[in-house]
Amino acid sequence: MAADRRIVIEHCAIATVDGHDTEYASGHVVIAGNRIESLGAGAAPEGLANVARRIDASGHLVTPGLINTHHHFYQWITRGLATDHNLFDWLVALYPTWARIDEPMVRAAAQGSLAMMARGGVTTAMDHHYVFPHGSGDLSGAIIGAARDMGVRFTLARGSMDRSEKDGGLPPDFAVETLDGALAATEETVRRHHDASFDAMTQVAVAPCSPFSVSTELLRDGAQLARRLGVRLHTHGSETVEEEKFCHELFGMGPTDYFESTGWLGEDVWMAHCVHMNDSDIAAFARTRTGVAHCPSSNARLAAGIARVPDMLAAGVPVGLGVDGTASNESGELHTELRNALLINRLGGHKEAALNARQALRLGTYGGAQVLGRAAQIGSLEPGKLADLVLWRMDTLAHASIADPVTALVLGAAAPVTASFVNGRQIVEDGRLLTADEDAIARATRDEARRLARIAAEA
């Protein structure tokens, strides 16, 4: 939409998730081009010029778009497998299949993953893709192209692995890269696709997979590469007790100390899971402003444990929410993570004081923007920020009797998405994608899942 054309949304409840948690029981939002021009209580100002569309959002709650901070799109075509395994057994069971992915499979899986998130209120997605089998095609390009076509703001965490079975790792030898090959391919991906502008739709991070699937050299050199290129860093950290044992046996220290020794703590870093963190680990993350992608459903699915999110927040650690790969969170929806984050954390030591509904919403919006390094552009509804926002319908049977719309959104059933805007462009209407054919994606993902299963069985 042209910069001088406006969309006016009014008569809606608004949760801005700004620095003061400003809310309006009945208010308006004005979008001009791809930016939020103004918002406030009551109806929109009279006499606005160039109004292309006016939306009566009575019965709705408007929030910032949800921001996913950890995912593995390719796993969309291996859902429902190894459902009663812990992390290491699950990886052992699935790596032989994952090692057979190719470009058409990855493209279809990315479309499925993105579609499911977008129709449920996600406006900014990320994918940590680290499996690059030899001869599998342009996997990074396929993922980025799927996000571009869907109209979702996107960060590709270009992953890598160089520790295969022959080196004591889990992936098959043909599914990993060499140290030099991984670094070169990652740099090429950043140079081809990363956009550092304010309203960027595509960004790239450097993302070696995990301490037990990459060498110390890849971690250290990857951190240096990211900082030379001016991009962010992402990896898995402290997900399981087995990982902590592995780090102590191999490196003589715990995961956090190991990461710090390789240059992997800092305000340009975010890590997935961080379930097994002691007080000194949390203090180190807070001191360095290292971010965390909290994945409550996946942590429960793989019996990894309960992350100490209330303690992280109290210490000042930036925390966002992640779906994680859909082989460990089959729903693939981030809005369910708002509820699960609140409920699962209340099972921990803080009990009912662990998280409240507004803190959960902040994790899924502004917290996600923080860990992706984009809090100045997205994550809250404020004039001058990018127009990424969602209209949740709150007047149906599922929510109408709950007086507080934020409580209804977080603790109630999954709320219908009437409209979702990314960069000022509407991509969802009445729960259906406007930018893609959901039925065609469903068929493609089914076909590619069957093809992958057949190839893996024959191997």
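Residue indices begin at 1 and follow the sequence shown.
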>> Before you tell me yes or no, could you show the steps for Thr235 and Trp264 under side chain to side chain donor-acceptor pair (under 3.5 Å), namely the whole-Å CA-CA distance, both residues' side-chain angles and the distance that decides it to 0.1 Å?
In response: CA-CA 9 Å; Thr235 191; Trp264 271 81; over 6 Å; no

Drop me the distance from [X]'s [atom1] to [Y]'s [atom2], to the nearest 0.5 angstrom.
| X | Y | atom1 | atom2 | answer |
| --- | --- | --- | --- | --- |
| Ile144 | Leu156 | CD1 | CG | 4.5 Å |
| Asn34 | Arg425 | CG | CZ | 13.0 Å |
| Glu177 | Ser160 | CD | OG | 6.0 Å |
| Leu265 | Leu233 | CG | CG | 10.5 Å |
| Asp311 | Met277 | CG | CE | 10.5 Å |

Residue pair [X] / [Y], side-chain donor-acceptor N/O under 3.5 Å:
| X | Y | result |
| --- | --- | --- |
| Gln203 | Arg232 | no |
| Asn329 | Ser331 | yes |
| Asp324 | His71 | no |
| Glu103 | Ser136 | no |

For [X], which residues count as a side-chain contact (heavy atoms from CB on, under 4.5 Å) partner, sequence neighbours excluded?
| X | answer |
| --- | --- |
| Ser210 | Phe212, Ser213, His236 |
| Ala354 | Pro310, Asn345, Arg346, His350 |
| Gln359 | Leu355, Asn356 |

Do the side chain of [X] and the main chain of [Y] share a donor and acceptor less than 3.5 angstrom apart?
| X | Y | value |
| --- | --- | --- |
| Glu243 | Glu239 | yes |
| Glu10 | Ala44 | yes |
| His11 | Ala43 | no |
| Thr326 | Trp76 | yes |
| Gln111 | Ala146 | no |
| Glu337 | Ser297 | yes |
| Thr256 | Asp281 | no |
| Trp270 | Thr69 | yes |
| Gln426 | Ala419 | no |
| Asn50 | Arg6 | no |

Is [X] salt-bridged to [Y], cutoff N-O under 4.0 Å?
| X | Y | answer |
| --- | --- | --- |
| Arg362 | Asp18 | no |
| Asp21 | Arg358 | no |
| Glu330 | Arg301 | yes |
| Lys385 | Glu382 | yes |
| Glu333 | Arg119 | no |

If you define the side chain from C-beta out and look only at heavy atoms, does anything of [X] sit under 4.5 Å from [Y]?
| X | Y | value |
| --- | --- | --- |
| Met271 | Phe285 | yes |
| Arg35 | Leu386 | yes |
| Met312 | Val292 | yes |
| Tyr258 | Pro211 | yes |
| Leu363 | Leu313 | yes |
| Leu409 | Thr63 | yes |
| Leu411 | Leu342 | yes |

>> side-chain contact (heavy atoms from CB on, under 4.5 Å), that's the test. Do Ile378 and Thr124 meet it? Break it down for me.
In response: CA-CA 9 Å; Ile378 58 176; Thr124 297; 3.5 Å; yes

> Is there a ring-ring contact (aromatic ring centres under 6.0 Å, His included) between Phe73 and His128 once you walk through the steps?
Replying inline: CA-CA 8 Å; Phe73 289 175; His128 185 192; over 10 Å; no

> So Ile67 and Tyr366, side-chain contact (heavy atoms from CB on, under 4.5 Å) or not? Walk me through it.
Replying inline: CA-CA 8 Å; Ile67 297 172; Tyr366 188 79; over 6 Å; no

Closest heavy-atom pair and its distance - [X], [Y]:
| X | Y | result |
| --- | --- | --- |
| Asn68 | Gly322 | OD1-CA, 3.2 Å |
| Ile77 | Ala109 | CG2-CB, 4.1 Å |
| Ala223 | Gly263 | CB-O, 3.9 Å |
| Ala115 | Ile441 | CB-CD1, 4.1 Å |
| Met394 | Ala415 | CE-CB, 3.8 Å |
| Ala360 | Leu321 | O-CD1, 4.3 Å |

> Could you walk me through whether Thr202 and His194 pass the side-chain contact (heavy atoms from CB on, under 4.5 Å) check?
Replying inline: CA-CA 6 Å; Thr202 303; His194 181 70; over 6 Å; no

> Is the charged tip of Arg158 near the ring of Phe132: under 6.0 Å from the six-membered ring centre and within 45° of its axis?
Replying inline: yes

> Can you check whether Trp98 and Trp90 have ring centres sitting under 6.0 Å from each other?
Replying inline: yes

> Who pairs with Asp395 by salt bridge (charged side-chain N to carboxylate O under 4.0 Å, His left out), at least two apart in sequence or on another chain?
Replying inline: Arg393

> Can you list the residues that meet the salt bridge (charged side-chain N to carboxylate O under 4.0 Å, His left out) rule with Arg153, with sequence neighbours excluded?
Replying inline: Asp388

>> Apply side chain to side chain donor-acceptor pair (under 3.5 Å) to residues His276 and Thr240 and explain how you reach the verdict.
In response: CA-CA 6 Å; His276 297 277; Thr240 65; over 6 Å; no

> What do the steps show when you test Ile306 against Val275 for side-chain contact (heavy atoms from CB on, under 4.5 Å), and what is the final call?
Replying inline: CA-CA 6 Å; Ile306 302 173; Val275 175; 5.9 Å; no

>> As a test of understanding, state which of His129, His234, His294 forms a ring-ring contact (aromatic ring centres under 6.0 Å, His included) with His70.
In response: His234

> Who passes side chain to side chain donor-acceptor pair (under 3.5 Å) against Arg339, sequence neighbours left out?
Replying inline: none

>> Using a 6.0 Å cut-off, check whether atom CD of Glu267 has over 12 heavy atoms from anything other than its own residue.
In response: no

